[in-house]
Amino acid sequence: MFRFDFRDKSLIPGIFGTDNMDYLERLCPVLEQERIHPSGVVRLRDAAFCEERGIVQLSSLAEHTALKENEDYKRLGHRFGMDGDVIRNGLAAFPTCTAVEYGQKVLLLGKTDKGDKALEDFLNDLTRHFFDGIRKPEELRFHEVAPLDAKYRAEIGNCKTVSPAILRYGICTKRCDMAPTLRNFNRLRNLQPMSAPLTKEQERIVSSLVGLPDNVQFQNVEMKVRTPAKRKGQGINI
């Protein structure tokens with residue numbers, strides 16, 4: 001469910017009493033001409049749950065990441081929405097795709113075997129360099145996006161790098177903190193369908209963090225040995 005805010009409501013295409021299968025075809029040119037983007041995107045299953053439970057639509061409590069922490073949603077969520085296999089096999093009336101946001105980089109992934117492989121390779125690379133001390137974005141975010149443009153949806157394919165603007169057409173489904181803690185490392189590994197074995201260095205780091213509080217960050221300090229300057233006529237033994 002998309003919310004659009006129009007300054008001039010006369011521009012909104014009418015909804016007929018019978019067949020509205022071409023509504024997007026009538027709506028999208030107006031949105032493009034007026035440069036209007038969604039001010040809110042909600043899963044229909046989430047909207048139905050919020051309506052039933054009296055949760056204000058588009059509020060912070062109605063966000064998908066917040067609903068996933070709601071005990072009633074976890075218990076009753078299966079009543080709202082279609083089977084996942086229908087969505088994956090492209091049989092949904094309005095198919096979505098996965099967008100992975102990591103800093104300024106956004107990967108758009110189709111729900112295909114090749115799309116899954118591209119995501120696996122991406123997560124493997126993040127895991128491999130998780131403790132290397134290089135400055136990283138604070139979060140890894142997963143979104144379900146539903147581009148309105150039918151031609152664009154058809155050209156998505158398996159995997160492509162896209163503009164962050166695509167996130168306007170989706171909802172955030174998962175956030176992963178990337179601070180170098182053992183808990184975050186394990187959460188990242190749990191996202192991988194097939195986790196790669198730990199390297200010797202990762203085993204050493206994990207061993208050093210086991211038993212410490214979950215929020216303790218690994219400090220990758222490069223050890224450097226300072227050699228005293230050699231004075232004239234003076235030898236140095238190292």
Taking only residues two or more places apart in sequence, or in another chain, which ones meet Q217 in a side-chain contact (heavy atoms from CB on, under 4.5 Å)?
A179, P180, T181, Q219
Note: R175-E138 ion pair, threshold 4.0 Å (strictly below):
no
Sidechain-backbone polar pair: E139 side chain, Y102 backbone, donor-acceptor under 3.5 Å
no
Please assess T112 against D116 for the test side-chain contact (heavy atoms from CB on, under 4.5 Å), listing each intermediate value before the final yes or no.
CA-CA 6 Å; T112 64; D116 290 346; over 6 Å; no
Residue K136 excluded, over 12 heavy atoms near NZ under 6.0 Å
yes
Residue pair F2 / P38: nearest heavy atoms and the distance that separates them
CD2-CG, 3.8 Å
More than 12 heavy atoms of other groups within 6.0 Å of E34 CD
yes
I'd like to know if the side chain of K68 reaches the main chain of T173, judged simply by a donor and an acceptor atom lying under 3.5 Å from each other, with no hydrogens or angles considered.
yes
Contacts under 3.5 angstrom, residues 8-15 side chains, donor-acceptor by atom type, not counting sequence neighbours:
residue, atom, partner, partner atom, Å
D8, OD1, S10, N, 3.1
D8, OD1, S10, OG, 2.5
D8, OD2, S10, OG, 3.2

Using a strict cut-off of less than 4.0 Å between a Lys/Arg side-chain nitrogen and an Asp/Glu carboxylate oxygen, indicate whether K117 and E120 qualify as a salt bridge.
no
Side chain to side chain, L198 and F185, heavy atoms closer than 4.5 Å:
yes
Atom of C172, atom of T65 and distance for their closest heavy-atom approach
O-CG2, 3.5 Å
Minimal heavy-atom distance between S60 and A66, with the atoms involved, is O-CB, 3.5 Å
Contacts of D125 that satisfy side-chain contact (heavy atoms from CB on, under 4.5 Å) - sequence neighbours left out
R128, H129
Could you grab the distance from atom CZ of F49 to atom CG of L44, nearest 0.5 Å is fine?
15.5 Å
Could you walk me through whether L209 and I205 pass the side-chain contact (heavy atoms from CB on, under 4.5 Å) test, one step at a time?
CA-CA 6 Å; L209 294 174; I205 294 170; 4.1 Å; yes
Inter-residue atom distance L67.CG - R53.CZ, 0.5 Å rounding:
11.0 Å
State, yes or no, whether a side-chain contact exists between F130 and M178 at a heavy-atom distance under 4.5 Å.
yes
Do you see a donor-acceptor pair shorter than 3.5 Å between the side chains of Y169 and H143?
no
Do the non-hydrogen side-chain atoms of I166 and P147 ever get within less than 4.5 Å of each other?
yes
Apply salt bridge (charged side-chain N to carboxylate O under 4.0 Å, His left out) to the pair E144 and K111, showing each step before the final yes or no.
CA-CA 11 Å; E144 283 295 304; K111 297 183 186 300; 3.0 Å; yes
Are K160 and L107 close enough that some pair of their side-chain heavy atoms sits under 4.5 Å apart?
no
Between Q202 (side chain) and T127 (backbone), is there a donor-acceptor pair under 3.5 Å?
yes
Nearest heavy atoms of A146 and T96, plus distance in Å:
CB-CG2, 3.9 Å
Which atom pair, heavy atoms only, marks the closest approach of G115 to L109?
O-CD2, 3.7 Å
Quick one: list whatever passes side-chain contact (heavy atoms from CB on, under 4.5 Å) with V210, sequence neighbours left out.
L182, V206
Atom CD1 in I36, atom SG in C28: separation rounded to 0.5 Å?
11.5 Å
Contact between F122 and K105 at the side-chain level, heavy atoms closer than 4.5 Å - yes or no?
yes
side-chain contact (heavy atoms from CB on, under 4.5 Å) with L108: of V100, N158, V145, only one passes, and it is V145
Student check: side-chain heavy atoms of L24 and L148 closer than 4.5 Å
yes
Closest non-hydrogen atoms of A47 and Q57, given as atom of the first, atom of the second and distance, are O-NE2, 2.9 Å
Compare all side-chain heavy atoms of L140 with those of L123 and state whether any distance is below 4.5 angstrom.
yes
Those residues that, when tested against L61, pass side-chain contact (heavy atoms from CB on, under 4.5 Å) (two or more places apart):
I55, S59
With a 6.0 Å cut-off (strictly less than), is the heavy-atom count around CZ of R26, excluding the residue itself, greater than 12?
yes
S39: which residues meet the side chain to side chain donor-acceptor pair (under 3.5 Å) condition with it, sequence neighbours left out?
D5
What I'd like to find out is whether the side chain of K174 reaches to under 4.5 Å of the side chain of H64, using heavy atoms alone.
no
If we ignore hydrogens and angles and just use 3.5 Å, is the side chain of N70 paired with the main-chain N or O of Y73 as donor and acceptor?
yes
